[in-house]
Structure formats: C-alpha cells, structure tokens
Amino acid sequence: MIRGSALALAGAFCLAAAPAAAASWLVLGSAIAVQTPSNPGGVPVLQGVPFHQQFMSFAFTIDDSVAGIDVASPGGVGEARLYPYAVTSFALSVGPWTIMQTPAARGALFAINDGAAGSGGRIDQLIYSETTAFVPDFQPAFMTDAPLPADAFVSGFVFGRSTVVQGGAPTLLGSAAIPPLDQLWINGPTFLSFDVRAGMPASQQALNALPLARFGASQLQFGVFRLDAPAVPEPATWAMMIAGFGLVGASLRRRRMAAA
C-alpha cells in the first residue's frame with residue numbers, strides 16, 4: 001500500500017521534464033525504516049536521526065539500455081559490470097520527510113555473475129547502489145529536508161538481490177547483463193538499506209570512519225513495472241504507478257532546481 005508523502009507527491013510527474021519517460025522500468029514500494037543497533041567495524045552509532053520506525057515509500061526508474069563498464073570481479077573470478085546513470089530518477093520518503101538525489105548522484109547498477117564471496121562461496125548480485133562521491137571534493141549524493149544532527153547527511157542507499165552458493169555456482173544471473181528486473185527482483189529475497197553519517201570527510205577512508213546510522217527495511221513490499229509493456233495494467237497497479245510517478249517527478253524537479 002502506498003500512502004502519506006508518496007500520495008502527496010502523486011501528479012508532480014506531469015509537471016516534470018520528459019527524461020523519466022525514457023526509462024524502461026519503474027520500481028515502487030514501501031517499508032518501515034528500522035535502525036540497526038550496531039555498525040560494522042565498530043563505527044560509532046550516530047544518534048538523533050529521526051527515521052527509526054517511520055513508514056517509508058520509494059520510487060526509482062531504470063534505463064536498461066545504458067552501456068555497461070566491465071570492472072574487476074570480487075576475488076578475480078566471474079564477471080562484474082557497472083552501469084553508471086542507469087537509474088534515471090529516484091525519490092524516497094521517510095515519515096514526513098523526503099530524500100532526493102543531488103546532481104552528484106551517479107545512479108549506478110552493479111552486476112556480479114559468479115564472483116568470489118568473502119565466505120569462500122560464489123556470488124551473483126544485481127543492486128542499485130548510490131554512495132557519496134569525491135570528484136574531486138566531498139559531494140553528497142542525496143539531499144533531505146529531515147531535521148538531521150549537525151553536519152549529518154544521507155551517505156548511501158542500496159536496493160537489490162544477491163545470492164551466495166557454497167561448493168557450486170549461483171544461478172541468479174547468467175551473465176553480467178541487466179536481466180528482466182520484474183523477474184529477478186520480485187522472485188526472491190530483496191534488500192533495501194540507507195545510511196546517514198555526520199562529518200566533513202576528505203576521503204573515502206575518512207567517510208567510512210564517520211559515525212553512522214544505518215536503516216534497514218522491515219515489511220518491505222514493492223513492485224517492478226515495465227514502462228513500455230503493451231499490456232494494460234490493473235487499476236491497483238495504475239494507482240501504484242501514479243504514486244511512483246509523483247515521487248519520480250518531484251525528484252526530477254528538485255534535481256533541476258539544485259542544478260540551477
């Protein structure tokens with residue numbers, strides 16, 4: 001079910017520029033944001049971030065025709081490919097607040113086919129992963145109207161699916177190409193998380209040491225819609241897509257205003 005600020009933004013897509021129409025997929029969903037009690041590597045927990053137990057809704061569009069860049073696969077085996085700017089627009093609402101991309105966002109999908117997992121197994125993975133960039137200076141990939149602690153910023157977002165197999169090869173992906181997303185992400189466990197950090201880092205290493213509030217997704221529900229599909233959607237599907245277009249449209253408008 002889509003509610004709250006997602007519906008409040010519905011219709012804004014009609015006022016936005018046309019680039020979202022070029023996307024092939026719309027991903028639209030909701031969940032409850034849950035802050036993790038501890039962080040990896042003993043990084044201090046950032047206190048005072050108001051997102052815990054808030055209802056959240058999200059929408060983003062993906063152009064699966066973008067060219068990929070082959071990159072080093074984990075462990076030097078299998079194949080991996082990065083798809084910069086495949087995510088053409090993005091919006092996330094958490095409680096009464098919104099989180100949007102800034103012009104620094106790269107909107108990349110990352111695919112791994114039969115790479116080496118840290119546990120000694122093999123991994124297949126396709127995720128949308130957005131992080132803070134240093135090109136050449138510190139540039140957050142997100143902006144928000146939430147009342148965050150001093151110097152705090154939304155530092156990353158990840159959504160996708162991965163599988164690790166011990167003693168064999170995973171079959172989630174057959175290659176590093178982008179597969180039909182309505183089959184890959186829907187038919188199995190999918191994860192979502194986003195991070196808030198506080199500070200003014202000068203490098204990726206310094207960023208990773210900043211106090212962190214990490215939020216996972218409880219009760220995650222979502223749909224993946226092919227935007228150029230010939231079939232006529234059901235009425236409930238139309239309602240979800242309209243709400244998603246509202247989020248996407250607001251995202252595009254905010255990004256144009258930020259760029260100006």
Side-chain angles (χ1 to χ4, degrees), residues 19-29 40 58-90 92 101 104-135 141-142 155-195 204 207-208 214 216-217 220 222-229 244 248 251:
S24 300
W25 302 93
L26 168 67
V27 182
L28 171 66
F58 60 92
F60 55 91
T61 53
I62 294 173
D63 181 358
D64 62 4
S65 67
V66 301
I69 302 171
D70 291 332
V71 296
S73 181
V77 298
E79 57 181 336
R81 191 168 299 155
L82 189 68
Y83 296 88
Y85 304 105
V87 178
T88 54
S89 54
F90 168 90
L92 170 67
Q101 289 177 325
R106 290 163 291 184
L109 291 183
F110 183 50
I112 301 173
N113 176 43
D114 201 20
S119 62
R122 304 297 287 272
I123 182 172
D124 276 7
Q125 176 176 274
L126 182 70
I127 61 172
Y128 163 39
S129 179
E130 190 72 71
T131 59
T132 296
F134 295 89
V135 283
F142 300 98
S155 61
F157 175 90
V158 63
F159 175 93
R161 184 179 174 198
S162 64
T163 184
V164 175
V165 173
Q166 302 290 339
T171 58
L172 181 63
L173 297 180
S175 72
I178 300 176
L181 298 178
D182 55 347
Q183 299 176 24
L184 178 78
W185 280 343
I186 291 294
N187 297 323
T190 305
F191 54 86
L192 180 156
S193 68
F194 66 98
D195 295 345
Q204 186 66 48
L207 171 67
N208 294 339
R214 173 161 293 173
L220 176 63
F222 66 96
V224 181
F225 307 100
R226 183 84 194 187
L227 296 180
D228 55 2
V248 168
S251 171

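What's counted below: heavy atoms across the whole structure, side chains too, no hydrogens, waters or symmetry copies.
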query = Distance from Trp185 atom CH2 to Ile62 atom CD1, nearest 0.5 Å?
reply = 4.0 Å

key: Distance, nearest 0.5 Å, that separates OH of Tyr128 from CG of Leu109   = 9.0 Å

query = Is the side chain of Arg122 donor-acceptor paired with the backbone N or O of Val164 at a distance under 3.5 Å, no angle test?
reply = no

ask   = Quick check: does any side chain N or O of Glu130 sit under 3.5 Å from a backbone N or O of Ala105, one acting as donor and the other as acceptor?
value = no

request  = Dump the intermediate steps for side chain to side chain contact (heavy atoms under 4.5 Å, CB included) on Val224 and Leu28, then the final yes or no.
outcome  = CA-CA 7 Å; Val224 181; Leu28 171 66; over 6 Å; no

key: Minimum-distance pair of heavy atoms, taken over all atoms of Asp124 and Leu173   = OD2-N, 2.8 Å

ask   = Taking Trp25 as the fixed residue, which of Asp64, Leu227, Val87 is the one that meets the side chain to side chain contact (heavy atoms under 4.5 Å, CB included) rule?
value = Asp64

message = To check you understand the geometry: which heavy-atom pair defines the closest contact between Thr190 and Gly160, and what is its length?
response = CG2-O, 2.9 Å

key: Point-to-point distance, once rounded to the nearest 0.5 Å, from CZ of Phe60 to CG of Leu92   = 10.5 Å

inquiry  = Minimum heavy-atom separation for Leu82 and Pro84, please, with both atom names.
reply    = O-CD, 3.3 Å

Donor + acceptor pair across side chains of Ser175, Arg81 (<3.5 Å) = no

ask   = In Å and rounded to the nearest 0.5 Å, what is the CZ to CG distance from Arg161 to Leu181?
value = 12.0 Å

query = Quick one: does Asn113's side chain have a donor or acceptor within less than 3.5 Å of a partner on Ala176's backbone?
reply = no

task = Would you check if there is a donor-acceptor pair between the side chains of Ser89 and Thr61 at a distance under 3.5 Å?
result = yes

Short side-chain to backbone donor-acceptor contact, Ser24 and Asp63, under 3.5 Å = no

query = Do the two ring centres, one from Phe159 and one from Phe58, sit under 6.0 Å apart?
reply = yes

